[in-house]
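Below: the structure, in structure tokens.
Every chain is numbered from 1, with letters handed out A, B, ... down the list of sequences. Since the model is a prediction, treat every value here as computed from it, not as a measurement.
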There are 2 protein chains.
Amino acid sequence: MALAHTILATLGDEAYSGYDLWKKFSQTKACYWQASQQQIYRELGKLEKEEAIDSEIIAQKGRPAKKIYQITDKGIEKLKNWVLEPAEPMAIREDLLVKVISAHLAPKSVILQEIERHRQIHTQQLSVYKEIEQQNFPDVSKLSYKQKCIYATLRCGIGYESYRISWCDEAISLLSEETSK
Amino acid sequence: MALAHTILATLGDEAYSGYDLWKKFSQTKACYWQASQQQIYRELGKLEKEEAIDSEIIAQKGRPAKKIYQITDKGIEKLKNWVLEPAEPMAIREDLLVKVISAHLAPKSVILQEIERHRQIHTQQLSVYKEIEQQNFPDVSKLSYKQKCIYATLRCGIGYESYRISWCDEAISLLSEETSK
DNA sequence: ATAGTATACTAAACAAATTGAGTATGTCAA
DNA sequence: TTGACATACTCAATTTGTTTAGTATACTAT
């Protein structure tokens with residue numbers, strides 16, 4: 001599965017501790033992979049066992065020591081082989097939509113407010129991505145191939161949040177209408 | 001979790017067997033919930049144990065007998081309570097994007113062809129949804145509230161596939177460009 | 001005849017994800 | 001000095017999802 005590979009890909013650029021990875025995931029990686037702290041620590045343990053990564057303990061002043069991980073040649077090989085395999089599109093499992101098809105069981109305002117709440121969440125996330133875009137990708141024409149790849153994932157996140165916001169607007173408008181039946 | 005609730009919501013309209021539900025899931029439910037046959041059968045077993053649904057075995061001519069399930073009052077109550085709770089936005093875990101950030105490990109054509117393949121998958125799914133839209137929702141103004149809710153989920157699926165196609169186009173264009181660096 | 005496909009369901013092992021409880025250190029503000 | 005928060009990591013239980021392997025009936029095309 002791809003959590004291992006996302007970690008490998010991230011460690012390909014720089015050494016990170018589990019905690020650093022977790023923060024990275026909740027920030028810039030969020031547009032394509034979400035994982036909890038526990039998942040990341042467990043996966044790091046597994047990857048170290050199979051020697052795809054190795055670790056080093058770094059003492060810090062004024063902070064607990066941290067264990068930073070580096071990708072090994074074996075890990076690079078593993079990642080490379082995986083990239084060559086075809087990827088399945090993500091499975092859609094959207095709780096909100098299950099609630100929408102069950103919406104008639106509750107007062108109309110419940111689902112409308114919930115969609116509005118989601119609209120806000122996606123608007124917030126979109127502004128985070130747009131901020132990253134402005135800060136890190138001011139001039140697309142000057143990007144290296146590797147940077148373009150990262151930028152493409154950010155654009156995917158921006159597209160996703162925009163699509164979600166549009167759908168929320170459409171759904172609110174559709175479900176707010178007066179219905180004779 | 002929502003597989004149980006998706007099943008309950010589906011059984012709210014009509015009695016289905018596990019096999020029927022599975023087909024329903026791979027067709028019209030696909031825009032908001034995906035589940036395998038095995039998952040559905042297991043979930044049905046659980047739901048029956050907790051008396052949210054009950055079953056009846058129906059003999060058929062020229063086919064194996066089937067076990068059809070109906071929602072109980074307890075099940076309706078369970079679904080209703082769940083609808084009132086807030087829903088978390090779906091976690092994004094998109095293998096393709098992990099491959100995109102690792103794309104520099106393979107020849108450029110590998111990732112471009114893979115994105116093109118995904119573009120085709122999403123184009124195919126979009127046309128399925130549009131066909132359903134034309135067949136089942138020719139006149140939105142005549143829909144009941146309950147039907148509008150179902151239609152809203154279809155519109156979400158249509159929006160999703162459209163967004164995916166647009167992103168594939170953008171990514172192919174971005175990554176195909178000549179890069180000096 | 002038999003191979004392939006569709007219907008209809010069960011079981012079990014395994015992998016991945018979630019949830020909750022802990023441990024420990026250090027900063028900062030009330 | 002107490003409580004909240006951030007850093008940094010571990011362990012265990014449970015749920016959810018995937019994979020593989022079955023059983024069994026019946027239709028259809030070769």
Side-chain angles (χ1 to χ4, degrees), chain A residues 1-8 15-27 29-30 33-50 53 55-69 82 85 87-95 98, chain B residues 1-8 15-27 29-30 32-50 52-53 55-69 82 85 87-95 98:
Chain A
M1 54 75 63
L3 173 55
H5 299 101
T6 313
I7 290 173
L8 289 177
Y16 287 101
S17 70
Y19 193 79
D20 292 336
L21 279 169
W22 171 64
K23 284 202 298 178
K24 195 103 182 150
F25 268 71
S26 23
Q27 289 156 22
K29 305 278 156 181
W33 208 272
Q34 284 165 41
S36 65
Q37 234 188 21
Q38 292 76 358
Q39 257 182 292
I40 291 165
Y41 281 120
R42 189 179 41 183
E43 207 61 43
L44 284 170
K46 275 196 211 169
L47 285 169
E48 194 171 20
K49 246 184 211 162
E50 59 176 91
I53 57 176
S55 66
E56 204 181 329
I57 290 166
I58 305 285
Q60 297 179 104
K61 314 131 206 158
R63 279 184 189 180
K66 66 179 177 177
K67 198 172 168 185
I68 63 160
Y69 293 90
W82 178 78
E85 291 167 22
E88 287 307 303
M90 175 179 62
I92 304 295
R93 290 193 181 102
E94 183 69 67
D95 284 34
V98 182
Chain B
M1 54 75 62
L3 173 55
H5 299 101
T6 313
I7 290 173
L8 289 177
Y16 287 101
S17 70
Y19 193 79
D20 293 336
L21 279 169
W22 172 64
K23 285 202 299 179
K24 196 104 182 148
F25 268 71
S26 22
Q27 289 155 21
K29 305 278 157 179
Y32 55 91
W33 208 270
Q34 285 166 40
S36 65
Q37 233 187 25
Q38 292 76 357
Q39 256 182 293
I40 292 165
Y41 281 120
R42 187 177 43 177
E43 206 62 41
L44 283 170
K46 273 195 214 171
L47 285 169
E48 194 171 19
K49 244 182 212 164
E50 58 176 91
I53 57 175
S55 67
E56 205 180 331
I57 289 165
I58 304 285
Q60 297 179 103
K61 314 129 206 159
R63 277 184 190 181
K66 66 178 178 178
K67 199 172 168 185
I68 62 161
Y69 293 90
W82 179 78
E85 291 166 21
E88 288 306 304
M90 176 178 63
I92 304 294
R93 290 194 181 103
E94 184 70 65
D95 283 36
V98 182

Nucleotide [N], atom [atom2] - distance to [atom1] of [X] in whole Å:
{"X": "A:D20", "N": "D:dA6", "atom1": "CG", "atom2": "C1'", "value": "13 Å"}
{"X": "A:W22", "N": "D:dA8", "atom1": "CH2", "atom2": "P", "value": "11 Å"}
{"X": "A:I57", "N": "D:dA8", "atom1": "CD1", "atom2": "C1'", "value": "12 Å"}

Original post:
For B:Y19, which residues count as a ring-ring contact (aromatic ring centres under 6.0 Å, His included) partner, sequence neighbours excluded?
Top reply: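 Applying ring-ring contact (aromatic ring centres under 6.0 Å, His included) to B:Y19 gives B:W22.
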Kindly write out the residues that satisfy side-chain contact (heavy atoms from CB on, under 4.5 Å) with [X], not counting sequence neighbours, or none if the list is empty.
{"X": "A:E88", "value": "none"}
{"X": "A:E56", "value": "A:I58, A:I68, A:Q70"}
{"X": "B:P89", "value": "A:H118, A:I121, A:H122"}
{"X": "A:D20", "value": "A:Y16, A:S17, A:K66"}

**OP:** Hunt down any stem DNA chain C takes part in, defined as 3 or more consecutive Watson-Crick or G-U pairs whose two distances are each under 3.5 Å.
**Re:**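 For DNA chain C the paired stretches long enough to count as stems (3 pairs minimum) are C:1-30 with D:1-30.
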**OP:** Quick one: closest heavy-atom pair of A:G18 and A:Y41, and the distance?
**Re:**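 The answer is CA-CE2, 3.7 Å.
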**OP:** Compare every heavy atom of A:A65 with every heavy atom of A:I57, then report the nearest pair and how far apart it is.
**Re:**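 Looking at all heavy atoms of both residues, the shortest contact is CG2-CB, 4.3 Å.
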Distance test, side-chain N/O of [X] to OP1/OP2 of [N], below 4.0 Å:
{"X": "A:S17", "N": "D:dC9", "result": "yes"}
{"X": "A:Y19", "N": "D:dT7", "result": "yes"}
{"X": "A:K23", "N": "D:dA8", "result": "no"}

Subject >> Footprint string (nucleotides 11-21 of chain D, 5' to 3'): B base within contact, S backbone only, - free, heavy atoms under 4.0 Å >> reply: B----SBBBBB
**OP:** Mind jotting down which residue pairs meet the salt bridge (Lys or Arg N to Asp or Glu O under 4.0 Å) criterion with at least one end in residues 39-48 of chain A? Sequence neighbours excluded, please.
**Re:**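 For residues 39-48 of chain A: A:E48-A:K67.
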Residues which pass side-chain hydrogen bond (donor to acceptor under 3.5 Å, both in side chains) with [X], listed by chain and number, not counting sequence neighbours:
{"X": "A:E50", "result": "A:K78"}
{"X": "B:T6", "result": "none"}
{"X": "B:Y69", "result": "none"}

Subject >> Span of DNA chain C in contact with chain A (heavy atoms, under 4.0 Å) >> reply: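 Using the under 4.0 Å cut-off, the span is C:dA16 to C:dG26.
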